[in-house]
Participant: 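Shown below is the structure under consideration.
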2 protein chains.
Amino acid sequence: MTDSPPGLDPAQIEAYFALMEAVGLLEHQVEQHLRADGGISYVQFQLLARLAAADGQLTMTQLADGVVYSRSGLTYQAGLLEKAGLITRGTSADDERATLVTITDAGLALFRKVLPGHVQVVRRQLLAPLSDQDLHDLGDIMTRVRDHMRNEPPRSAAPRKRRQR
Amino acid sequence: MTDSPPGLDPAQIEAYFALMEAVGLLEHQVEQHLRADGGISYVQFQLLARLAAADGQLTMTQLADGVVYSRSGLTYQAGLLEKAGLITRGTSADDERATLVTITDAGLALFRKVLPGHVQVVRRQLLAPLSDQDLHDLGDIMTRVRDHMRNEPPRSAAPRKRRQR
DNA sequence: TGCTTTTGCTTCGAACTCGAAGCAACTCAA
DNA sequence: TTGAGTTGCTTCGAGTTCGAAGCAAAAGCA
């Protein structure tokens with residue numbers, strides 16, 4: 001490999017730009033639907049989805065896992081969801097610090113109500129123009145990229161844990 | 001065709017989730033770098049990039065084109081960029097309503113300063129785990145998806161005249 | 001010409017996000 | 001046991017986003 005080429009070649013730029021813009025548009029569509037159909041945001045939908053899938057209680061940390069958002073943002077959203085009666089929060093018996101989050105019947109009902117429409121949006125906006133081969137390729141590629149990024153150190157903002165070395 | 005199947009099959013879910021999470025992570029990395037290296041946000045970087053590429057003046061509307069953000073958000077960001085001396089705004093002679101935006105030397109300099117690092121982040125986070133074939137596939141797929149979504153009507157944001165269920 | 005509608009942008013208020021700081025509970029080694 | 005360090009979550013403040021409403025210029029139309 002050469003030492004840091006000047007820029008990106010056309011194919012790289014195209015892939016990068018198309019990727020970012022397409023996902024931006026998709027997020028926007030999804031957001032619109034969820035807001036109109038269930039009065040919730042994408043973040044809230046994802047939280048409900050996690051709880052519905054977990055089929056039990058999750059701590060705040062587990063709930064945030066995989067989501068980029070900050071802890072404080074999660075606290076805020078959890079507050080909204082609790083106020084809306086979609087989840088309940090309680091202190092864990094095992095660990096007094098931990099907050100256990102449980103989805104309520106109303107939360108589950110709302111999730112089930114908006115899910116079909118959500119799937120429909122994803123189908124129409126993302127899946128529609130893709131062949132089975134495309135779908136396979138996309139899943140394979142993005143899974144690899146995601147796993148790669150999960151393992152990459154932040155480079156700049158180093159975690160303030162203990163010094164190593 | 002069948003009437004809206006119950007959900008998504010595993011391959012579809014995998015592709016959808018991996019896509020959304022990977023892009024989320026990438027955006028986060030990019031944001032971190034730009035903030036640390038140039039003191040600007042991703043949005044501001046994109047605006048500067050557009051202006052640098054346009055090599056002249058753009059109206060606010062042209063500047064927002066392709067970016068999902070609202071007009072008011074663009075006004076806000078343009079205000080910040082102008083305050084920072086990276087762009088200038090002036091009224092168009094042709095159309096008194098239009099605001100023409102021009103990138104300053106300082107803006108261009110800043111853009112050029114952060115670009116290499118930005119490219120490096122994209123390389124390391126997104127491009128690194130991809131083969132030439134992957135890159136080609138990804139560009140092809142996402143370009144198709146993006147163009148598809150650009151042409152799709154909003155679907156959901158329609159006037160809510162109809163009763164629900 | 002007058003009038004309505006459309007277009008381009010801004011202002012305003014509400015909502016959302018993040019990081020830093022703070023608090024309380026837990027862990028672990030001495 | 002005890003005290004330093006870590007972990008889980010919340011609070012707070014600053015910054016950013018959006019949509020609705022508003023304003024002025026332009027375009028359509030009678």
Side-chain angles (χ1 to χ4, degrees), chain A residues 24-25 27-36 39-47 57-65 67-84 87-101 154 156-164, chain B residues 24-25 27-32 34-36 39-47 57-65 67-84 87-101 154 156-157 159-160:
Chain A
L25 288 171
E27 278 180 346
H28 191 251
Q29 295 290 329
V30 165
E31 198 86 35
Q32 294 289 105
H33 161 256
L34 290 173
R35 185 63 67 187
I40 57 176
S41 66
Y42 193 21
V43 178
Q44 293 171 336
F45 173 78
Q46 288 174 305
L47 295 178
Q57 298 178 325
L58 291 179
T59 65
M60 296 289 277
T61 296
Q62 290 171 328
L63 196 50
D65 182 42
V67 186
V68 185
Y69 308 94
S70 63
R71 292 295 159 74
S72 54
L74 180 59
T75 295
Y76 175 75
Q77 287 296 342
L80 290 184
L81 290 173
E82 186 175 40
K83 197 170 302 178
I87 66 168
T88 58
R89 279 187 288 187
T91 303
S92 168
D94 300 338
D95 188 337
E96 292 274 333
R97 297 167 303 179
T99 298
L100 289 179
V101 181
S156 46
R160 51 170 190 164
K161 297 226 172 179
R162 283 179 18 101
R163 305 290 310 290
Q164 301 280 348
Chain B
L25 289 170
E27 279 179 344
H28 191 251
Q29 294 291 329
V30 165
E31 198 86 35
Q32 294 289 104
L34 290 173
R35 185 62 66 188
I40 57 177
S41 66
Y42 193 22
V43 179
Q44 295 171 335
F45 173 76
Q46 288 174 306
L47 295 178
Q57 297 179 327
L58 291 178
T59 65
M60 295 290 278
T61 296
Q62 290 171 327
L63 197 50
D65 181 43
V67 187
V68 187
Y69 308 94
S70 64
R71 294 296 158 76
S72 54
L74 181 58
T75 296
Y76 175 74
Q77 287 296 343
L80 291 185
L81 289 174
E82 187 175 40
K83 197 171 300 179
I87 65 169
T88 58
R89 279 187 288 187
T91 303
S92 168
D94 300 337
D95 189 335
E96 292 274 333
R97 297 168 301 180
T99 297
L100 290 180
V101 181
S156 47
R160 49 175 184 173

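Heavy atoms only: backbone and side chains are in, while hydrogens, waters and symmetry mates are out. Every chain is numbered from 1 and lettered A, B, ... according to where its sequence line falls, protein lines coming before strand lines.
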Participant: Would you kindly give the OH-to-C1' distance between Y42(A) and dC18(D), to the nearest whole Å?
Facilitator: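 To the nearest whole Å, that distance equals 19 Å.
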
Participant: Send over the distance from L34(B) CG to dG15(D) P, rounded to a whole Å.
Facilitator: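 After rounding, the reported distance stands at 19 Å.
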
Participant: In residues 71-81 of chain B, what donor-acceptor pairs under 3.5 Å come from side-chain atoms, sequence neighbours left out?
Facilitator:
{"residue": "S72(B)", "atom": "OG", "partner": "S70(B)", "partner atom": "OG", "Å": "3.2"}
{"residue": "T75(B)", "atom": "OG1", "partner": "R71(B)", "partner atom": "O", "Å": "3.2"}
{"residue": "Q77(B)", "atom": "OE1", "partner": "Q44(B)", "partner atom": "NE2", "Å": "2.8"}

Participant: Starting at CD of Q32(A) and ending at C1' of dT17(D), how long is that distance when rounded to a whole Å?
Facilitator: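 After rounding, the gap between these two atoms is 13 Å.
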
Participant: Q77(B) or D94(B): which one's nearest nucleotide on DNA chain D is closer to the 5' end?
Facilitator: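 Looking at the nearest nucleotide for each, Q77(B) comes out on the 5' side.
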
Participant: Could you pull out all residues at least two apart from S92(B) that satisfy side-chain hydrogen bond (donor to acceptor under 3.5 Å, both in side chains)?
Facilitator: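 Expected list: none.
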
Participant: What is the distance, rounded to the nearest whole Å, between atom NE2 of H28(A) and atom C1' of dC16(C)?
Facilitator: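 For the pair H28(A) NE2 and dC16(C) C1', the rounded distance is 15 Å.
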
Participant: Side chains of T59(A) and L100(A): closer than 4.5 Å at any heavy-atom pair?
Facilitator: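 The answer is yes, as the side chains (C-beta and beyond) meet within the 4.5 Å cut-off.
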
Participant: With R35(A), which residues qualify under side-chain hydrogen bond (donor to acceptor under 3.5 Å, both in side chains), at least two apart?
Facilitator: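 So R35(A) forms no side-chain hydrogen bond (donor to acceptor under 3.5 Å, both in side chains) with any residue.
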
Participant: Checking R97(A) now: which residues fulfil side-chain hydrogen bond (donor to acceptor under 3.5 Å, both in side chains) with it, not counting sequence neighbours?
Facilitator: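 Only D95(A) meet the side-chain hydrogen bond (donor to acceptor under 3.5 Å, both in side chains) criterion with R97(A).
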
Participant: Could you write nucleotides 4-15 of chain C as a row of B, S and -, 5' to 3', where a protein heavy atom under 4.0 Å of any base atom gives B, of only sugar-phosphate atoms gives S, and otherwise -?
Facilitator: ---BSSBB---S

Participant: Using the test side-chain hydrogen bond (donor to acceptor under 3.5 Å, both in side chains), find all partners of T91(B) that sit at least two apart in sequence or belong to another chain.
Facilitator: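 With sequence neighbours excluded, T91(B) shows a side-chain hydrogen bond (donor to acceptor under 3.5 Å, both in side chains) to no residue whatsoever.
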
Participant: Could you state the atom-to-atom distance from CD of E27(A) to C1' of dT17(D) in whole Å?
Facilitator: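 Distance check: E27(A) CD to dT17(D) C1' gives 14 Å.
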
